[in-house]
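To find a chain, count down the sequence lines: A is the first, B the second, and so on, and within it residues start at 1.
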Amino acid sequence: MQQFTLDIIQQISRIPAGKVATYGQIAAMAGNHRGARQVSRVLHTCTQKYQLPWHRVIGAAGKISISKDQPGYQKQKKKLQSEGIEFGLGDTIDLSIFQWQGQAQ
DNA sequence: CACATGACGAGGG
DNA sequence: ACCCTCGCCATGT
């Protein structure tokens, strides 16, 4: 496993409840602003093992990146709402309000 | 080593 | 706003 991947895991585990981060943001904080796809890979493979708050990671448009017909969609939405995050029309989250401002933002 | 795969992102039509 | 294409890069086969 690469350092970049470990950094991704670390950044995701840092996201506080009530806030969200985008794939690109996580990738950038992990040192590679073009590693968004690796972030998704980490969520797909390491959530169990590292107990990551996977639900706090959303797409750059402020929307959940899972397709709506999959079970994880509602599951994620519910978790976020229970943490105080609000969804607007089209299930869009207002990043200007809920996006996590990490260290080097 | 070559090729395919993604819970992505930005840009263009 | 919707759809498509292309760029990206760690991983898996």
Side-chain angles (χ1 to χ4, degrees):
Chain A
M1 182 180 283
Q2 276 201 231
Q3 186 58 47
F4 176 50
T5 302
L6 293 175
D7 288 336
I8 288 175
I9 294 173
Q10 215 168 111
Q11 291 303 330
I12 294 177
S13 63
R14 271 195 157 103
I15 306 174
K19 288 289 179 181
V20 296
T22 66
Y23 291 79
Q25 179 189 355
I26 293 296
M29 292 192 295
N32 184 343
H33 85 94
R34 292 173 293 216
R37 311 198 74 147
Q38 280 57 251
V39 175
S40 74
R41 183 179 296 284
V42 168
L43 291 181
H44 184 72
T45 62
C46 313
T47 39
Q48 300 296 313
K49 190 174 175 185
Y50 298 90
Q51 304 178 319
L52 300 175
W54 59 276
H55 54 286
R56 298 184 191 140
V57 183
I58 62 178
K63 292 190 288 192
I64 291 177
S65 292
I66 307 173
S67 85
K68 297 188 182 84
D69 9 299
Q70 286 194 278
Y73 188 90
Q74 289 302 325
K75 188 175 179 180
Q76 175 169 16
K77 183 177 177 182
K78 204 171 177 183
K79 277 177 172 288
L80 291 175
Q81 290 179 315
S82 73
E83 294 183 347
I85 291 172
E86 297 158 28
F87 288 77
L89 281 176
D91 279 356
T92 301
I93 295 172
D94 188 337
L95 292 178
S96 69
I97 300 175
F98 301 106
Q99 179 169 39
W100 174 48
Q101 303 303 114
Q103 331 287 306
Q105 253 316 279

[X] versus [Y], closest heavy-atom pair with distance:
| X | Y | result |
| --- | --- | --- |
| A/Glu83 | A/His55 | OE2-NE2, 3.0 Å |
| A/Ile9 | A/Cys46 | CD1-SG, 4.2 Å |
| A/Gly35 | A/Ala27 | C-CB, 3.5 Å |
| A/Ser65 | A/Tyr23 | OG-CE1, 3.4 Å |
| A/Trp100 | A/Ala21 | CE3-CB, 4.3 Å |

TODO: With a 4.0 angstrom cut-off to heavy atoms of chain A, pull out the first and last contacting nucleotide of DNA chain C, in 5'-to-3' order.
DONE: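 Counting from the 5' end, contacts occupy C/dG7 to C/dT11.
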
- [ ] Calculate the interatomic distance between A/Lys63 atom NZ and B/dC8 atom C1'; express it in whole Å.
- [x] 13 Å

Task: Between C1' of B/dA7 and CG of A/Asp91, the distance in whole Å - done: 15 Å

Give the residues of [range] touching DNA chain C, defined as any heavy atom closer than 4.0 Å, sorted by residue number.
| range | result |
| --- | --- |
| residues 77-86 of chain A | none |
| residues 1-14 of chain A | A/Met1, A/Gln2, A/Phe4, A/Thr5 |
| residues 36-61 of chain A | A/Arg37, A/Gln38, A/Arg41 |

Answer whether the closest heavy-atom distance between the side chains of [X] and [Y] falls below 4.5 Å.
| X | Y | answer |
| --- | --- | --- |
| A/Gln2 | A/Gln38 | no |
| A/Ile26 | A/Ile15 | yes |
| A/Ile12 | A/Leu43 | yes |
| A/Gln81 | A/Lys77 | yes |
| A/Met29 | A/Arg14 | no |

TODO: Output the distance between atom OH (A/Tyr50) and atom OG1 (A/Thr47), rounded to the nearest 0.5 Å.
DONE: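 These two atoms lie 11.5 Å from each other.
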
Open item on the list: Checking side-chain polar atoms at under 3.5 Å, does A/Asp7 have a donor or acceptor matched by the opposite partner on A/Gln3?
Closed with: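 A pair is found: one side chain offers a donor N or O, the other an acceptor, under 3.5 Å apart.
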
- [ ] Go through the steps to decide whether A/Val57 and A/Leu52 satisfy the test side chain to side chain contact (heavy atoms under 4.5 Å, CB included), and finish with yes or no.
- [x] CA-CA 10 Å; A/Val57 183; A/Leu52 300 175; over 6 Å; no

Where do N or O atoms of nucleotides 11-13 of chain B meet protein N or O atoms at under 3.5 Å, pair by pair?
none

- [ ] Would you check, one step at a time, whether the test side chain to side chain contact (heavy atoms under 4.5 Å, CB included) holds for A/Ile58 with A/Gln76?
- [x] CA-CA 10 Å; A/Ile58 62 178; A/Gln76 175 169 16; 4.0 Å; yes

TODO: State which residues pass side chain to side chain contact (heavy atoms under 4.5 Å, CB included) with A/Lys63; sequence neighbours excluded, sorted by chain then number.
DONE: A/Ala61, A/Thr92

